[in-house]
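It should be emphasised that the depicted structure is a prediction, and the values quoted were computed from it without experimental measurement. Along the sequence shown, the residues carry numbers beginning at 1.
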Amino acid sequence: MPKVKSKKGRNTFRYNVDRKKLKRRSKRKAAPRIECSHIRRAWDDKKTVAQNLAEMGLAVDPNKVTGIQEQKASEMEVDRTEAANKFIRKPYVIRELEAAASLPEKKTTTLSEDMIQYVRYMIENYGENYKKMARDEKNYYQDTPKQIRRKIELYKRYHPDEYKEFLQSMKDVKMDVR
C-alpha cells in the first residue's frame, strides 16, 4: 500500500485565531519595563506583581492601605488580616526609595540661548522702557510690551545669578563712559 504524503513545512493560515487578541495577550505576558532602578533590582520575574510589591513593603492598591471605606466590609476585614500576616523581605527597597525622594530636585527649566540674547539686548538698550522695546526692529515676533516684560521676568526667575552679573557689568560700562 502506498503511503499518504504528509504536509512537511507547509504553513497554513489559521482562520480561527484572532490576531488582535494574540498580540494583546503577548503584550500582557511580556514583562513591563520598570523605570525605577531600585524596584527593578529587587524584582523577581517568577512572582506576581502583588507578591513582588508585598515583599518590598509596597502597596498594590493604595485604597486598601489607607483604609478608604468600601461598600463590602467583609472584604476589608479579610484584606487587613492578610496584611498582618505578611512581612517585608526586602526592606532595603523602601530605604532606597525614601533616600532618593529626599534628595533635592534639579532645576531643569531654562530659556533658549536666543531668548537670553534677545532679553539682554532689550535691557541693554532700553532698560525698563517696554514700549520702546516693542517698537525695536529686533522684536521679530512683534511682542507687546506686556509679553516682553513677561520674558524679562522669566529670565530673572530662571537665571538670577546671570541677571545680577549682567546688571553689574552694565553699571561698570556706564561708569567707564562717564
Side-chain angles (χ1 to χ4, degrees), residues 9-120 122-123 141 143 146-169:
R10 184 173 158 208
N11 295 333
T12 58
F13 187 79
R14 297 182 297 171
Y15 290 97
N16 60 342
V17 176
D18 188 357
R19 300 281 167 213
K20 203 173 194 180
K21 282 183 184 175
L22 269 179
K23 189 173 183 180
R24 220 179 286 145
R25 282 184 193 146
S26 67
K27 275 186 181 179
R28 237 184 269 144
K29 282 185 181 178
R33 172 81 175 132
I34 301 170
E35 294 295 323
C36 180
S37 62
H38 310 297
I39 294 174
R40 192 181 329 118
R41 275 188 266 123
W43 196 264
D44 187 4
D45 290 328
K46 294 172 185 157
K47 295 182 180 175
T48 64
V49 174
Q51 289 171 341
N52 273 311
L53 293 177
E55 281 187 354
M56 293 179 216
L58 302 173
V60 178
D61 186 9
N63 292 334
K64 290 180 182 176
V65 176
T66 56
I68 294 176
Q69 294 293 327
E70 288 187 17
Q71 293 176 351
K72 298 176 184 176
S74 61
E75 289 180 10
M76 292 296 289
E77 293 168 6
V78 172
D79 292 337
R80 287 183 187 155
T81 56
E82 288 176 8
N85 295 336
K86 294 178 185 176
F87 61 93
I88 301 170
R89 293 185 185 177
K90 300 175 183 177
Y92 61 90
V93 175
I94 293 176
R95 279 187 244 121
E96 289 174 354
L97 288 172
E98 287 173 347
S102 66
L103 293 174
E105 190 176 326
K106 291 181 181 177
K107 290 184 179 178
T108 56
T109 53
T110 184
L111 295 175
S112 67
E113 205 52 46
D114 296 336
M115 180 70 75
I116 292 172
Q117 288 176 355
Y118 172 73
V119 167
R120 283 182 160 203
M122 292 297 187
I123 294 172
Y141 298 111
D143 293 331
K146 262 191 176 178
Q147 288 171 326
I148 294 172
R149 184 185 308 132
R150 273 191 228 116
K151 286 181 181 181
I152 291 173
E153 286 170 1
L154 275 177
Y155 176 66
K156 289 178 187 177
R157 192 177 327 131
Y158 291 151
H159 305 282
D161 300 330
E162 226 178 274
Y163 179 71
K164 287 177 186 174
E165 289 174 16
F166 176 65
L167 289 180
Q168 188 63 37
S169 67

Taking all atoms of both residues into account, what is the closest heavy-atom pair of V65 and A59, and its distance? CG2-CB, 3.3 Å

Atom CE in M122, atom CD1 in I152: separation rounded to 0.5 Å? 8.0 Å

Residue pair Y155 / R120: nearest heavy atoms and the distance that separates them: OH-NE, 3.1 Å

Do the ring planes of Y15 and F13 sit parallel (below 30°), tilted (30 to 60°) or perpendicular (above 60°)? perpendicular

M56 CE to D44 CG distance, which is reported to the nearest 0.5 Å: 8.5 Å

How long is the gap from CD on E153 to OH on Y163, to the nearest 0.5 Å? 10.0 Å

Under 3.5 Å, sequence neighbours excluded: what are the donor-acceptor pairs made by side chains of residues 87-105?
from : atom 1 : to  : atom 2 : distance (Å)
R89  : NH1    : E55 : OE2    : 3.4
K90  : NZ     : A42 : O      : 2.5
E96  : OE1    : H38 : ND1    : 3.1
S102 : OG     : E98 : O      : 3.4
S102 : OG     : A99 : O      : 2.8

Closest non-hydrogen atom pair between K47 and N52, with its separation: O-ND2, 3.5 Å

Show your working on side chain to side chain contact (heavy atoms under 4.5 Å, CB included) between R19 and K23 and close with a plain yes or no. CA-CA 6 Å; R19 300 281 167 213; K23 189 173 183 180; over 6 Å; no

Run the side chain to side chain contact (heavy atoms under 4.5 Å, CB included) check on K164 and Q168 step by step: do they pass? CA-CA 6 Å; K164 287 177 186 174; Q168 188 63 37; over 6 Å; no

Minimal heavy-atom distance between Y118 and D143, with the atoms involved, is OH-OD2, 3.5 Å

To the closest 0.5 Å, what do you measure between CG (D18) and CZ (R25)? 8.5 Å

Spacing of CG belonging to D61 relative to CG belonging to L53, to within rounding of 0.5 Å: 11.5 Å

Roughly how far apart are H159 NE2 and L111 CG, rounded to 0.5 Å? 4.5 Å

Report the C-alpha distance between V49 and W43 in whole Å, list the side-chain angles of each, state the deciding distance to 0.1 Å, and finish with yes or no for side chain to side chain contact (heavy atoms under 4.5 Å, CB included). CA-CA 9 Å; V49 174; W43 196 264; 4.1 Å; yes

